[in-house]
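What follows is a set of notes on a single structure, which appears directly below.
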Amino acid sequence: MTENAQQQPSAPDSELPTQYAPADVEGPLYERWVERGYFEADAKSEKPPYTIVIPPPNVTGSLHLGHAFQHTLMDALTRRKRMQGFESLWLPGMDHAGIATQNVVERELGKEGKSRHDLGREAFVERVWQWKDEYGGKILGQMRRLGDGVDWTRERFTMDEGLSQAVQTIFKRLYDDELIYRAERIINWCPRCLTAISDIEVEYQDDDGELVSMKYGEGDDTIVVATTRAETMLGDTAVAVHPDDERYKHLVGRHIKLPLTDRTIPVVADTHVDPEFGTGAVKVTPAHDPNDFAIGQRHDLESLTVMDERGVITVHGPFEGLDRFEARSAIVAALRADGRIVAEKRPYVHSVGHCSRCKTTIEPRLSMQWWVKVAPLAKAAGDAVRDGRVKIHPQEMEKRYFDWVDNLHDWCISRQLWWGHRIPVWYGPEGEVVCVGPDEEPPTGEGWTQDSDVLDTWFSSGLWPFSTLGWPEQTPDLKKFYPTDVLLTGHDIIFFWVARMMMFGLYAMDGEVPFKTIALTGLVRDQFGKKMSKSSGTAVDPLDWMNAYGSDAVRFTLARGANPGTDVPIGEDWVQASRNFANKIWNATRFALMNGATIEGELPPAERLSATDRWILSRLNKTISQVDALYDDFQFAKLSDALYHFAWDEVFDWYVELSKTTFMAGGEPAKVSGRVLGEVLDVTLKLLHPIVPFVTETLWTTLTGGESIVVADWPKDSGFRDEAAEREIETLQQVITEVRRFRADQGLQPGQRVPARLTLTGTALAPHEAAIRQLLRLQPEGDTFAATATLPVAGATVALDLSGTIDVAAERKRLAKDLAAAEKEKAQATAKLGNEAFLAKAPDNVVDKIRGRLSKADEDIERIKAQLESLPQA
RNA sequence: GGGCGCGUAGCUCAGGGGUAGAGCGUCGCCCUUACAAGGCGAAUGUCGGCGGUUCGAAACCGUCCGCGCCCACCA
C-alpha cells in the first residue's frame with residue numbers, strides 16, 4: 001500500500017475492505033443458504049412451480065468447465081424464478097454411467113494387476129460403489145463451491161432404490177406392451193469392453209485401410225470381390241451381385257469355391273449391391289456385417305461366426321487363435337501366395353467405427369440382445385416438438401432432432417457389464433422367459449436364472465425427469481413439479497439423452513411431456529476456440545479458477561460467453577476481467593455506502609429529482625425489462641453484457657461521478673441522490689444475483705439490511721421513463737468527453753486544475769455546472785485565456801486558460817482532422833439528400849436522420865473553423 | 001454422400017438494410033479523497049472473394065474459396 005493510500009481517512013460507514021476477497025465469503029455464504037433451506041422446494045406450496053432437473057454428471061470423475069457452464073445457467077434460471085415468486089426446484093443428482101464407470105474402475109484394478117473377474121461380480125460392484133462414493137462426493141463439493149442452488153434434500157442417483165424401481169417398472173410395462181423384445185442381430189461389439197453398445201455409442205472416423213480385390217472360385221466360375229476386412233472371408237456364405245449386372249448374370253445361382261476353405265458358397269443377386277463400386281461383386285459375411293446380415297436374411301444364408309468375443313479367430317485351421325488384425329494380414333498373404341490377390345489399394349481411407357468409451361475398433365457381431373422397439377415412442381417424441389408442446393432452443397437444432405427421431409433404428413439396451421441395472425428377466429429350465437416388475441417375486445426352483453446383463457446407462461437416465469420425482473408412485477412431487485420447465489444441456493447429447501427422455505416421458509406419463517423447453521448449449525472451448533482435452537493439457541479444472549478469482553468470476557465469464565447453441569471459448573484472461581467486474585461492484589457499493597446510499601423511505605417523486613437521478617432511473621427500468629426479455633429467451637451472453645455495461649459504465653462510472661458533487665455538497669439533494677443510488681444498487685444487485693450470487697449477497701445485505709438476496713423480490717420495471725433527461729445526460733457526457741479529449745491532446749495531466757470559463761446558455765446543462773467542473777477539474781475562471789475550446793454542443797462553450805502552454809500544432813492537427821471528418825460527413829449527407837430516389841423511397845425517419853447529420857456537420861465545421869481562427873499564431 | 005452453421009479489429013466473438021461494435025490485448029497520461037483488479041485519452045477493420053436485388057448491402061439472394069459440426073449400412 002502506498003503512503004498516500006494510508007493517509008486516506010477510513011470510511012466510517014463502511015466495514016467493507018477495499019478489495020473483494022471471494023475466498024473469505026463464498027463458502028460460509030453457501031452453507032448459510034443451504035442451512036436456511038432457501039433451495040428446498042415445497043410440493044405443498046401455492047406458488048407456481050418452476051422445475052429444472054440437472055443433467056446428472058457421471059460419477060466417473062470431477063466436473064469440468066462444461067459442467068460449470070451449464071450449472072451456472074441453470075442456477076441463474078432457477079434463482080431468478082425463485083426471486084420472481086415461483087416454487088423453484090433445481091433437482092441435483094448423478095448418473096452411474098454404466099460402461100464409463102466400469103471402465104475407470106477396471107483401469108484402477110488393472111494398476112493392481114487385477115481384473116474384475118479376479119474379484120467376481122459382487123465384489124466388483126461393491127468396489128464401484130466405493131468409487132462412486134469417493135468421486136460422487138467430489139462432484140457434490142464442486143457444486144457447492146460453484147454456488148449451485150440445488151435442493152439437496154432431493155438429491156438422486158440413477159442406482160438409488162427408487163430409481164431402480166422406476167427402471168424395473170418401465171421395463172416391465174414396455175415388455176408387456178411388446179415394446180421391449182429379445183432378438184439375435186448384428187450389434188456393435190467392443191472387443192475390449194466385451195459388451196454390445198448402441199449405434200450412437202459408436203464413433204466413426206476415417207482410418208487408413210487396405211482395399212484388396214480377391215478372386216473367388218475356380219476355372220471359369222471365378223469372381224473378384226473387394227474388401228477391407230479380408231479376415232471375415234472365413235465366414236463368407238455367399239457372393240452377391242446386382243441382379244441387372246450383365247457381367248455376373250451367368251453366375252447367379254451357382255456355387256463357387258471359397259479360397260482357403262473347403263466350402264463352396266452361392267452367388268446371389270441382391271439390389272443392395274452397387275454395380276459401380278469396386279468389381280460390383282460383394283462377399284457376404286452375415287455374422288460380421290449388418291448389410292451382409294440383411295442380405296443373408298433375404299437369401300436364407302447361413303451365418304458363420306468366425307471370431308470370439310475378443311476378436312480372435314475361432315475357425316479351425318491355420319488362422320485359428322490369431323487376432324482379427326493379424327488374421328487379416330495372414331489371410332491376405334495366403335491369398336497372395338495363391339495368386340488370388342488381383343488388386344490392392346493402399347492406403348485406402350474409409351470410415352471405421354470405434355467404441356466411444358475406449359476407441360477400440362468395433363466388431364459387428366451376431367448376438368442375442370434386448371431391444372426397445374422405438375418407432376411408436378419416437379413418433380410421439382417427434383410429434384411433441386412438431387406440435388409445439390416442447391420448444392427447442394435455439395430452433396435450428398430442431399432439424400437435427402427430427403432427423404434422428406424420424407429415422408431411428410431399434411435401440412439395443414442390454415450390456416454385458418456388471419455395473420448397472422440388471423435386466424429384470426428370468427429364464428427357466430425349459431426356456432421360459434419371465435419379466436419381473438419391481439413388486440413381483442422372481443420365479444424360484446431348479447434351473448431359473450436371471451439375465452446376467454445390465455441395461456444401457458441411458459435407459460435409466462431417460463427416466464430422470466420423473467423417476468427423480470418419485471415415479472412410479474404418484475407422489476406430491478411428481479404432481480407438483482412434472483412436467484419440468486427447462487431441460488438445459490449440451491447439444492452433444494440430444495440423441496443420447498434428450499430424445500430418450502422425450503420417448504420415455506411421453507410413454508410413462510401418459511403423453512405428458514417431460515419438459516416444456518429444451519435449451520441446448522454449446523461446448524466450452526479454450527481461448528482459441530479449440531476443444532479442451534485432458535490429453536493435450538488444455539483442460540482446466542474449474543476449481544483452480546474459482547480458487548484464484550472466485551466463483552462469481554468463473555460464473556460471470558461463462559454466462560457472458562453463452563450465446564445460444566454456439567460453443568463457448570473461455571480463457572483465464574476473461575476470468576480475470578470478470579473478477580475485476582466483481583471488484584468494481586464491490587467498490588462502487590462501498591462508495592455508495594460511504595455516501596449515504598439507502599433504500600429507506602419512499603423514492604422521491606420525479607419532481608424532486610435531478611435530471612441525473614431521473615436519467616439513471618429511466619435507464620434502470622429499461623434495463624430491468626431488457627434483462628427480463630433476454631432471460632426469457634435464454635440469451636445469457638447478451639443479458640450479462642447488458643448488465644455489465646449498465647452497471648459499470650452507466651451506474652458506477654457516469655452516475656456515481658456525476659453525483660459526487662451532490663454528495664460532497666450534502667444537504668437535501670445529497671439525501672435524495674443517496675436514496676436514488678440506493679434504489680439503483682438494490683435493483684442492479686438483484687439483477688446480477690442469479691449470475692454472481694456471492695458478491696451480490698454480501699453487498700445487498702450490507703446495503704439493505706435484508707435477510708438474503710436469494711429470497712428477495714425480483715425487480716419489476718416501474719414503467720418510469722424520462723427521455724428528456726436521457727438526452728440531457730447524453731449531451732452532458734458529450735461535453736465532458738470532448739473537453740477531456742482536448743485536455744489530453746494538450747498534454748494536461750488528468751488531475752491538473754485549469755482555470756476555465758463555462759458558458760452553458762442554450763443548453764439544458766446549466767444545473768450541471770458544478771458536476772462538469774468537478775469531472776473536468778476546472779477552476780473558477782481566471783482573467784486571461786490563452787486558448788479556447790468550443791464544445792460540440794450547441795450553445796455550450798468552455799474556455800480554458802492554459803497559461804500560454806497550449807500546443808498549437810497539436811491542436812491544429814486535431815482540428816484539421818476533425819474538420820476533414822466533418823466535411824466528409826457533410827458531403828455524404830448532401831449527396832444523399834440530393835438523391836431523388838432516396839428522398840422518394842426512404843422512410844421519413846431515415847431522411848430526418850440524414851438531415852440531422854447534415855446540420856450537425858455544418859455546425860461542426862463552423863465551430864472547428866472558429867476554433868482554428870481563435871488559436872494563437874504558432 | 002446428405003444436412004446445419006460459420007468467415008466482422010491482433011485474439012475471442014456480438015450485431016444486422018440507413019455514420020462499423022464489445023471484452024481482452026496495444027499505445028500515451030495519471031494513485032484524480034470507492035476501486036491501479038482503477039481512471040482518462042488514443043490507435044486499429046476494402047465486415048472472406050465475385051456477381052445480383054435495392055435510393056442505400058457488412059447485413060438479403062446467387063456463386064466461389066476457406067473452416068467447423070452433425071448424420072449415413074462408401075463392400
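Treat the numbers as computed from the prediction; the structure is a model and nothing was measured. Labels below follow one simple rule: chain letters A, B, ... track the order of the sequence lines, proteins then strands, and each chain is numbered from 1.
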- request: Determine yes or no for a side-chain-to-main-chain donor-acceptor pair under 3.5 angstrom, with A/Asn587 supplying the side chain and A/Asn583 the backbone.
  value: yes
field: Nearest listed nucleotide, side chain of A/Lys841, among B/U54, B/G41, B/A34
entry: B/U54
task: Kindly determine whether A/Tyr216 and A/Met233 satisfy side-chain contact (heavy atoms from CB on, under 4.5 Å), including the steps that lead there.
output: CA-CA 10 Å; A/Tyr216 283 12; A/Met233 61 88 56; 3.2 Å; yes
- prompt: Can a salt bridge be assigned to the pair A/Arg579 and A/Glu572 using a cut-off of 4.0 Å between side-chain N and carboxylate O?
  reply: no
task: Could you tell me whether the side chains of A/Ser640 and A/Lys638 share a donor-acceptor contact shorter than 3.5 Å?
output: no
message: Side chain of A/Tyr644, heavy atoms from C-beta onward: which of B/C24, B/G18, B/C74 has the nearest atom to it?
response: B/C24
message: Please list, in numerical order, the residues of residues 568-587 of chain A that have a heavy atom closer than 4.0 Å to any atom of RNA chain B.
response: A/Pro569, A/Asp573, A/Trp574, A/Ala577, A/Arg579, A/Asn580, A/Asn583, A/Lys584, A/Asn587
- request: In sequence, state the C-alpha distance, the side-chain angles, and the governing distance for A/His272 and A/Arg298, and then conclude on side-chain contact (heavy atoms from CB on, under 4.5 Å).
  value: CA-CA 11 Å; A/His272 164 78; A/Arg298 288 196 284 274; 3.7 Å; yes
field: Candidates B/C35, B/U32, B/C30 - which lies nearest the side chain of A/Glu657
entry: B/C35
message: Would the base of B/A34 count as contacting A/Gln19 through its side chain, where contact means a donor and an acceptor less than 3.5 Å apart?
response: no
message: At 4.0 Å (heavy atoms only), tell me whether A/Thr737 reaches a base, stays on the sugar-phosphate, or touches nothing.
response: sugar-phosphate
message: Would you compute the distance between atom OG of A/Ser578 and atom CZ of A/Arg560 and round it to the nearest 0.5 angstrom?
response: 7.0 Å
- prompt: Can you check the A/Arg777 CZ to B/C40 P distance for me, whole Å?
  reply: 11 Å
message: I need the residues from residues 396-404 of chain A with at least one non-hydrogen atom less than 4.0 Å from RNA chain B; give them sorted by number, or say none.
response: A/Lys399, A/Arg400
- prompt: In terms of side-chain heavy atoms of A/Arg740, which of B/C40, B/A42, B/A22 is nearest?
  reply: B/C40
message: Counting only side-chain nitrogens and oxygens, does A/Lys849 get under 4.0 Å of the OP1 or OP2 atom of B/G56?
response: no
field: Atom pair distance, as rounded to whole Å: CH2 in A/Trp545 and P in B/A37
entry: 20 Å
message: Any base atoms under 4.0 Å from A/His272, or only sugar-phosphate, or nothing? Heavy atoms, all strands.
response: base
query: At under 4.0 Å between heavy atoms, what does A/Ala588 touch on the DNA or RNA strands: base, sugar-phosphate, or nothing?
result: base
query: Would you say the side chain of A/Val267 lies within less than 4.5 Å of the side chain of A/Tyr248, judging by non-hydrogen atoms?
result: no
message: Applying a 4.0 Å non-hydrogen cut-off, can you work out what A/Val273 is touching in the nucleic acid: base, sugar-phosphate, or nothing?
response: base
Euclidean distance for P, B/G10 against B/U44 (whole angstrom): 11 Å
message: Is it true that, when you exclude A/Gln205 itself, more than 12 heavy atoms of the residues, nucleotides or ligands shown sit nearer than 6.0 Å to its CD?
response: yes
message: Please determine whether the number of non-hydrogen atoms from other residues, nucleotides or ligands lying under 6.0 Å from atom CG of A/Asp208 exceeds 12.
response: yes
- request: Name the nucleic acid region contacted by A/Phe528, choosing base, sugar-phosphate or nothing; use a 4.0 angstrom heavy-atom cut-off, strictly under.
  value: sugar-phosphate
message: Within the 4.0 Å heavy-atom criterion, would you say A/Phe293 contacts the bases, only the backbone, or no part of the nucleic acid?
response: nothing
task: Starting from C1' on B/C70, measure out to CG on A/Asn407 and report it in whole angstrom.
output: 13 Å
- request: With RNA chain B as reference, determine whether A/Val846 or A/Gln527 sits nearer its 5' end, using the nearest nucleotide of each.
  value: A/Gln527
- prompt: Taking the side chain of A/Ala744 as heavy atoms from C-beta outward, which of B/G39, B/G41, B/C55 is closest to it?
  reply: B/G41
field: Distance, rounded to the nearest Å, where A/Arg741 contributes CZ and B/C30 contributes P
entry: 21 Å
Separation of atom CZ in A/Phe646 from atom P in B/A22, rounded to whole Å: 19 Å
- prompt: Can you check the A/Asp641 CG to B/A22 C1' distance for me, whole Å?
  reply: 6 Å
message: Test side-chain contact (heavy atoms from CB on, under 4.5 Å) on A/Tyr655 and A/Glu650; report intermediate values, then the result.
response: CA-CA 6 Å; A/Tyr655 181 72; A/Glu650 301 194 70; over 6 Å; no
